[in-house]
Chemist: 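Sending over a structure as structure tokens; questions will come in a sec.
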Amino acid sequence: MTVSSAPGKVYLFGEHAVVYGEPAVPCAIERRATVTVDARADDHIRVQARDLSLDGFTVEYAGDTAERPDVDVPEGLVDAAMGYIDAAVEQARDAADAPDAGFDITVESEIPLGAGLGSSAAVVVAGIDAATRELGVELSKDEIADRAYRAEYDVQDGQASRADTFCSAMGGAVRVEGDDCRRIETPNLPFVVGFDGGAGDTGELVAGVRDLRAEYGFAADTVESIGDIVRAGEERLYDADPDSEPTADLLAELGRLMDFDHGLLEALGVSSRTLDNMVWAAREAGAHGAKLTGAGGGGCIVALDETPETRTALRYTAECRDAFRAELDREGVRVES
Ligand code: PMV
């Protein structure tokens, strides 16, 4: 039996624009998906999944991967979870040259599904690591990131950037621009996450931005401006001392850029009333800045605040279902046993 875990992430800057070749800076957070894999004697896949962040649901299915479980949870969530696990298994079989390998798989996740925190990437990264090790193959983090990207690319019909999977595999803050992915050493950024209990449809939201860009030149300019915000933000991060606490100046500047980024994402139509209300609650509580994270439409916001004020204010905000401090995770994918 092998067990691996991998972190979720928040976008400090750059979601959506990254789809059009602009840079983005996602940061891994200490909220993990853990995948346990046991080799089977036959070629079947049996999956048990428990999303701890959604009051917990359990999905079990035995037999062919084409079968779907008969359980009382939203079909979309089950199909999404199963699709990502199937794709991770395919990558592991390919990496270990074991096309008929079968597994019993258990997924436990602290990351809300479809809420902009990279739940699917974390499951795919941890799944590939655990399943390949179960077959006696040890992959580098770079190879896990690459295979996880290919798995997401297949499941999402080609609509995937490398951002989530690279960030989850490597940990820390990363910079992604097209196929160029690298780590950025940063001080420990004090993230607070607010979750509205919902989820956005990434495919639909990405398509909405694509249509706006095609129709209006100023929407294309807006996407480019998000790229400019990312470039300004990363300059500040490069200047900072990664071994010290972040300075007040750094937090103020990053916060201002996050606010700007949220405004442009809002203009592109990917925010929502609940996300905006949480963003404003965080700002009014004294956060340095706040923005939606991920595809938007619903799900999570991320704020910068080193004090408990933002988290407390979010907890008293009607639209907020959960608020938590999210430490920067510097480790990435990790062997648990
Ligand atoms: O909500 P998430 O974590 O799937 O993030 C989507 C980020 C986008 O930039 C909108 C799409 C992408 O593939 O980069």
Side-chain angles (χ1 to χ4, degrees), residues 7-15 24-32 53 110-112 115-118 122 167-168 170-175 183-196 229-263 265 271 274-294 299-317 319-332:
K9 61 102 219 328
V10 292
Y11 272 93
L12 185 58
F13 313 113
E15 55 272 89
V25 179
C27 300
I29 56 169
E30 254 310 334
R31 280 240 157 175
R32 290 184 164 255
S53 63
E110 307 165 332
I111 311 165
L117 297 186
C167 186
S168 182
M170 309 308 280
V174 306
R175 179 195 198 271
R183 270 210 46 173
I184 306 177
E185 295 312 321
T186 68
N188 195 20
L189 300 172
F191 294 124
V192 178
V193 172
F195 174 39
D196 69 5
I229 290 174
V230 181
R231 283 180 277 272
E234 65 179 314
E235 282 306 315
R236 293 308 314 261
L237 288 173
Y238 289 135
D239 288 344
D241 175 2
D243 298 321
S244 306
E245 286 305 304
T247 62
D249 277 357
L250 175 69
L251 293 176
E253 179 71 12
L254 293 178
R256 193 147 66 129
L257 294 169
M258 289 169 76
D259 286 344
F260 214 133
D261 195 355
H262 182 77
L265 290 166
S271 192
T274 53
L275 294 174
D276 286 344
N277 285 356
M278 289 193 293
V279 160
W280 276 107
R283 290 175 185 162
E284 282 169 8
H288 300 284
K291 60 182 279 296
L292 66 83
T293 173
C300 291
I301 64 140
V302 57
L304 269 192
D305 186 4
E306 66 279 44
T307 75
E309 312 296 329
T310 296
R311 200 182 40 187
T312 306
L314 283 169
R315 288 203 168 135
Y316 284 103
T317 302
E319 291 78 12
C320 183
R321 161 126 175 233
D322 192 12
F324 52 90
R325 179 161 291 290
E327 296 294 330
L328 184 69
D329 168 87
R330 295 184 191 270
E331 210 176 355

Chemist: Heavy-atom count around Phe191 CZ within 6.0 Å, excluding the residue itself: above 12?
Modeler: yes
Chemist: Given Tyr11 and Asp261, is the side-chain contact (heavy atoms from CB on, under 4.5 Å) satisfied, shown in steps?
Modeler: CA-CA 11 Å; Tyr11 272 93; Asp261 195 355; over 6 Å; no
Chemist: Report the distance from atom SG of Cys27 to atom CG of Asp329, rounding to the nearest 0.5 Å.
Modeler: 11.0 Å
Chemist: OG1 of Thr317 to CH2 of Trp280: how many Å apart, nearest 0.5 Å?
Modeler: 13.5 Å
Chemist: What distance separates Arg183 CZ from Cys167 SG, expressed to the nearest 0.5 Å?
Modeler: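 Those atoms lie 9.0 Å apart.
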Chemist: For a side-chain contact (heavy atoms from CB on, under 4.5 Å) check, start with the C-alpha distance between Thr293 and Leu12, then their side-chain angles and the critical distance, and finish with the verdict.
Modeler: CA-CA 8 Å; Thr293 173; Leu12 185 58; over 6 Å; no
Chemist: With distance as the sole test, does Thr307 use its side chain to make a donor-acceptor pair with the main-chain N or O of Glu309 at under 3.5 Å?
Modeler: yes
Chemist: Counting N and O atoms only, with roles assigned by atom type, does the side chain of Glu319 sit under 3.5 Å from a partner on the main chain of Thr274, one being a donor and the other an acceptor?
Modeler: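 No; zero donor-acceptor contacts below 3.5 Å.
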Chemist: For residues Leu304 and Leu189, determine if any side-chain heavy atom of one lies less than 4.5 Å from a side-chain heavy atom of the other.
Modeler: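 Of all side-chain heavy-atom pairs linking Leu189 with Leu304, at least one is under 4.5 Å.
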Chemist: Run the salt bridge (Lys or Arg N to Asp or Glu O under 4.0 Å) test on Arg325 and Glu30 for me, step by step, so that the C-alpha distance in whole Å, both residues' side-chain angles and the decisive distance to 0.1 Å come before the verdict.
Modeler: CA-CA 9 Å; Arg325 179 161 291 290; Glu30 254 310 334; over 6 Å; no
Chemist: Going through the checks in order, is the side-chain contact (heavy atoms from CB on, under 4.5 Å) test met by Lys291 and Val302?
Modeler: CA-CA 6 Å; Lys291 60 182 279 296; Val302 57; 3.9 Å; yes
Chemist: So do the side chains of Lys9 and Leu117 get within less than 4.5 Å of each other, counting heavy atoms only?
Modeler: no
Chemist: Quick one: pull up CG in Leu275 and SG in Cys300 and give me the separation to the nearest 0.5 Å.
Modeler: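 Rounded to the nearest 0.5 Å, the CG-SG separation comes to 8.5 Å.
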Chemist: Can any side-chain N or O of Thr247 pair as donor or acceptor with the backbone N or O of Leu250 at less than 3.5 Å?
Modeler: yes
Chemist: Indicate yes or no for a side-chain donor-acceptor contact from Arg175 to the backbone of Glu234 under 3.5 Å, with no hydrogens or angles considered.
Modeler: no
Chemist: Given side chains that start at C-beta, do those of Val10 and Pro26 come closer than 4.5 Å, heavy atoms only?
Modeler: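 When only atoms from C-beta onward are counted, Pro26 and Val10 do not touch, as no gap falls below 4.5 Å.
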Chemist: Would Arg311 count as a cation-pi partner of Phe324, with NZ or CZ less than 6.0 Å from the six-membered ring centre and within 45° of the ring normal?
Modeler: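 No cation-pi geometry.
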Chemist: Just wondering, more than 12 heavy atoms not from Arg256 lying within 6.0 Å of its CZ?
Modeler: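 Result for CZ/Arg256: open.
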Chemist: Kindly say whether Gly299 contributes a backbone atom to a donor-acceptor pair with the side chain of Asp196 at under 3.5 angstrom?
Modeler: yes
Chemist: Would you say Leu314 and Ile301 make side-chain contact, with heavy atoms under 4.5 Å?
Modeler: yes
Chemist: With no hydrogens and no angle check, just 3.5 Å: does a side-chain donor-acceptor pair link Glu253 and His288?
Modeler: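 Distance-only check fails for Glu253 and His288.
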Chemist: Quick one: are Pro190 and Asp305 in side-chain contact, heavy atoms under 4.5 Å?
Modeler: no
Chemist: Can you tell me how far the CG atom of Asp243 sits from the OG1 atom of Thr186, to the nearest 0.5 Å?
Modeler: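 The distance works out to 10.5 Å.
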Chemist: Any side-chain heavy atom of Pro7 sitting closer than 4.5 Å to one from Ile29?
Modeler: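 With C-beta onward as the side chain, the pair stays apart.
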Chemist: Looking only at side-chain N and O atoms, does His262 offer a donor or acceptor that is under 3.5 Å from a partner on Asp276?
Modeler: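 Note: Asp276 and His262 side chains meet the donor-acceptor criterion.
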Chemist: How about Val279 and Leu292: do any of their side-chain heavy atoms sit closer than 4.5 Å?
Modeler: no
Chemist: Please confirm whether the backbone N or O of Glu110 pairs with a side-chain atom of Arg31, one donor and one acceptor, at under 3.5 Å?
Modeler: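 Yes, Arg31 side chain to Glu110 backbone: donor-acceptor pair under 3.5 Å.
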Chemist: How about Met258 and Phe260: do any of their side-chain heavy atoms sit closer than 4.5 Å?
Modeler: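 Of all side-chain heavy-atom pairs linking Phe260 with Met258, none is under 4.5 Å.
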